[in-house]
Every structure is written in structure tokens, then in C-alpha cells.
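The structure appears right after this line, and notes come after that.
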Amino acid sequence: MPELPEVETTAQLLGPALVGSTIVDVQLSWPRHTPDPERLIRELPGHAVRDLGRRGKYLVVGLEPSDRTLFVHLGMSGRLTVRPADALPDPYARTVFVLQDGRQWRFADPRKFGRVLLVADPEEVTGRLGPEPLAGEFTADWLAAGMAARRRAVKPLLLQQRFLAGLGNIYADEALHRAGVSPRRAADSLKTGEVVRLWESIREVLNEAIAHHGTSLDWVYPDGGMQELLRVYGRAGKPCLACGTPVEREVLAQRSTHYCPRCQPG
DNA sequence: CCACCGTCCTGGCTGC
DNA sequence: TGCAGCCAGGACGGTG
């Protein structure tokens, strides 16, 4: 998916276009995107966008006058755009929020793995998420304690959103490479220095990706500039940028995993 | 707690 | 050129 940096980029790009706009209609061509389509159609119109934020990989839309919250998860292929009233239709626009001035806020999602959720209590969604990697709550000490309590391999642990919110397959691989930690290492086997390096690497790679508007993905962010800065993801067989050893790819926990066998031993 | 599998979906790429 | 098969950024639920 779109991971944390891509969602953050989306929130920053859409904020100026959406904040203050009122939603007057909701059109669903793929109702399964949302658990209760009729409720969405009934309750959302009339609300204005108060603010736009992000939590983990969710776009968080604060609404007024009621204090309901709209969450959008982009899944694997979701893309959010705001288009003029007379824009050509998008065959992949599964949900269209029509704004008062006629513009269309579109959720296009070819693979249909995305989600749209309207809730009264945001905790219904955020309560199942681990800490924000870029917030103060995510400290090296917290990471060390969390890892020490888990025996599973470190990469699948980093992908678990209830452990830490926002990392996906690309940035998990990148963070582990920067930290010099093998994705297969048991979480509780990392030494303190390795945990600290991993903590720094996670924050570094996410901040860098946000600065470059995320990574180019087929359906999502064709202009993301992080693509060329990836060191292992998608580079199987190519030399590690640090040591020249060919990058390896293997499947770990059902996910393709890229790493340098020399920089990330074990 | 954890490894592993299936499921939800479609489009693009690869190789025959 | 055509096309079947394989692959993909996520996440959940079930099983052992």
C-alpha cells in the first residue's frame, strides 16, 4: 500500500482543497468499500471537512458540525484526488464525495482493498493501532521493550499495525537495511545498539520519504520522488549501495523481502 | 504467542 | 501477437 509517507503526502496535498468544503452527496459504485453504505449516504452529506490528518496508514477527516470522523484506508491501490465538476469520469472511482461547489473528491481504487469508515468515536479505528513512529510516544526505549517481549521475526512484527502504525513492506525493508538488521532476526534477539539503530532508521526513512512525497507506486503516487532513494526494495540482484553485494529477495511471512546478506547478517 | 494459509480484487508483466 | 499464469504497496480471520 500506500504506507505512512504516501498517506501523509495525500493529507498535505488534499488539505487546502478540502478543508472548509461541504459534502453534499456520496456516490458508491463499490459499496463493499464501507461496512455500512446506507449509513454513509444518509449521515455524511451536510458535513463540512474541518481538518485533514493521518494516523498510521489512515487518512483522518474531521467533520463538522457533528464530531463524526471519516477514515479512508487506501489499501493496496487507493488514490484520492479532487477534480473539477466537469472532469472526465474515472472508471476506478469507487467512492465519490460530491462537494457543494460541484467538485468531486474521488477515491479511486482498482483493487478494491481500500476502506471508508464513518464513526462517532475515532477510537474505534485508532484504538487498534500502535504508536505513531514520528511522534514522541515512539521512543527507542519503547521499541526495545516491545521487541524484547516478542519472539517473532522482526520484519513481520514491524508490519503489524497494532504494534507500530504506518510501516508497510517497502519501508520496513528499507529501515531494516539502514539499521543493518536481518529481517529474519527474532525481535527479542536484537542488542540494544541494534534496536536504537532500527529506531533511528525507521524515523529517518519515513521522514525522508515524506520530504520526497513518497514512493512512486503503480496506481498511487506516480510523482513520488522516493523511488530512486530506495536502497533494497525492488533491487533484487542489484548491488547493495553500501557494500556492492547483490541484494537478495525472498518471501518472509508471505511478503517479498529485500535485504543485503552482508550488511544484514543472520 | 506465533507461523502459516486463505481471502478479498484487478491490472500489468513475463514467458511460452 | 496472444494469452495463461504469476505477481503486487494491506489486513483480517482461522487453524494448529
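Residue numbers begin at 1 in each chain, while the letters A, B, ... track the order of the sequences. Side-chain atoms are counted along with the backbone in the values below, which use heavy atoms only and exclude waters and symmetry mates.
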Report task. For A:Arg249, answer base if it contacts any base atom (sugar-phosphate contacts may also be present), sugar-phosphate if it contacts only those atoms, and nothing otherwise; contact means non-hydrogen atoms under 4.0 Å. Result -> sugar-phosphate
- Look at A:Glu132 together with A:Arg54 and state whether they make a salt bridge at an N to O cut-off of under 4.0 Å. yes
A:Leu217 atom CG is separated from B:dG11 atom P, nearest whole Å, by 18 Å
A:Arg111 has its side chain closest, among B:dC2, C:dA8, C:dA11, to C:dA8
To the nearest angstrom, the CZ-P distance between A:Arg55 and C:dA11 comes to 13 Å
A:Gln160 atom CD is separated from C:dG13 atom P, nearest whole Å, by 13 Å
Looking only at C:dC12, B:dC9, C:dA8, the nucleotide nearest the A:Ser256 side chain is C:dA8
A:Arg103 (side chain) donor-acceptor with A:Leu99 (main chain) under 3.5 angstrom
no
With a 4.0 Å cut-off, would you call A:Glu43 and A:Arg68 a salt bridge?
yes
inquiry  = I'd like the P distance from C:dC6 over to B:dG6, given in whole Å.
reply    = 14 Å
For A:Tyr92 and B:dG11, is the shortest distance between a side-chain N/O and OP1 or OP2 below 4.0 Å? yes
What N/O pairs connect the protein and nucleotides 4-7 of chain B at under 3.5 Å? Give each pair on its own line.
residue	atom	partner	partner atom	Å
B:dC5	OP2	A:Gln254	NE2	3.3

Between CG of A:Asp109 and C1' of B:dC8 the distance, given in whole Å, is 11 Å
Parsed dot-bracket for DNA chain C after applying the Watson-Crick and G-U rules with both distances under 3.5 Å and | for other-strand partners is .|||||||.|||||||
Assess whether a salt bridge exists between A:Glu250 and A:Arg184, defined as any Lys/Arg side-chain N lying under 4.0 Å from an Asp/Glu carboxylate O.
yes
Whole-Å distance, A:Tyr58 OH to C:dC12 C1', equals 10 Å
Quick note, A:Met76 side chain, CB onward, closest among C:dC12, C:dA8, B:dC2 is C:dA8
CD of A:Glu248 to SG of A:Cys260, rounded to nearest 0.5 Å, is 8.5 Å
Problem - Presence of salt bridge, A:Asp188 and A:Arg150, under 4.0 angstrom - result: no
Would you mind checking if A:Asp109 and A:Arg94 are paired as a salt bridge, meaning a charged N to carboxylate O distance below 4.0 Å?
-> no
Discussion item. For A:Gly168, is there any backbone N or O sitting under 3.5 Å from a side-chain donor or acceptor partner on A:Glu3?
Written reply: yes
- Query: Going hydrophobic residue to hydrophobic residue with side-chain gaps under 4.5 angstrom, can you get from A:Leu176 over to A:Tyr259?
  - Reply: no
Taking B:dC2, B:dC8, B:dG11 as options, the one with an atom nearest any side-chain atom of A:Phe113 is B:dC8
*OP1, OP2 of B:dC8 versus side-chain N and O of A:Lys112: anything below 4.0 Å?*
no
Closest to the side chain of A:Lys57, out of C:dA11, B:dC2, C:dA8, is C:dA11
Taken to the nearest whole Å, CG/A:Leu230 to C1'/C:dA8 is 15 Å
Closest of C:dA8, B:dC9, B:dT10 to the A:Arg94 side chain is B:dT10
Hey, what's the ring geometry for A:Phe107 with A:His33, parallel, tilted or perpendicular (30° and 60° as the breaks)? parallel
Rounded to whole Å, the CZ-C1' distance (A:Arg150 to B:dC2) equals 11 Å
Exercise. How is A:Arg115 classified with respect to the nucleic acid when contacts are heavy atoms under 4.0 Å: base, sugar-phosphate, or nothing?
Worked result: nothing
How far does the P atom of C:dA4 sit from the matching atom of B:dC9, given to the nearest Å? 22 Å
Can you label the angle between the A:Trp142 ring and the A:Phe163 ring as parallel, tilted or perpendicular, going by 30° and 60°?
-> tilted
Separation of C:dC7 atom P from A:His258 atom NE2, nearest Å, is 13 Å
Quiz item: Counting just side-chain N and O atoms, does A:Arg32 come under 4.0 Å of either OP1 or OP2 of B:dC9?
Solution: yes
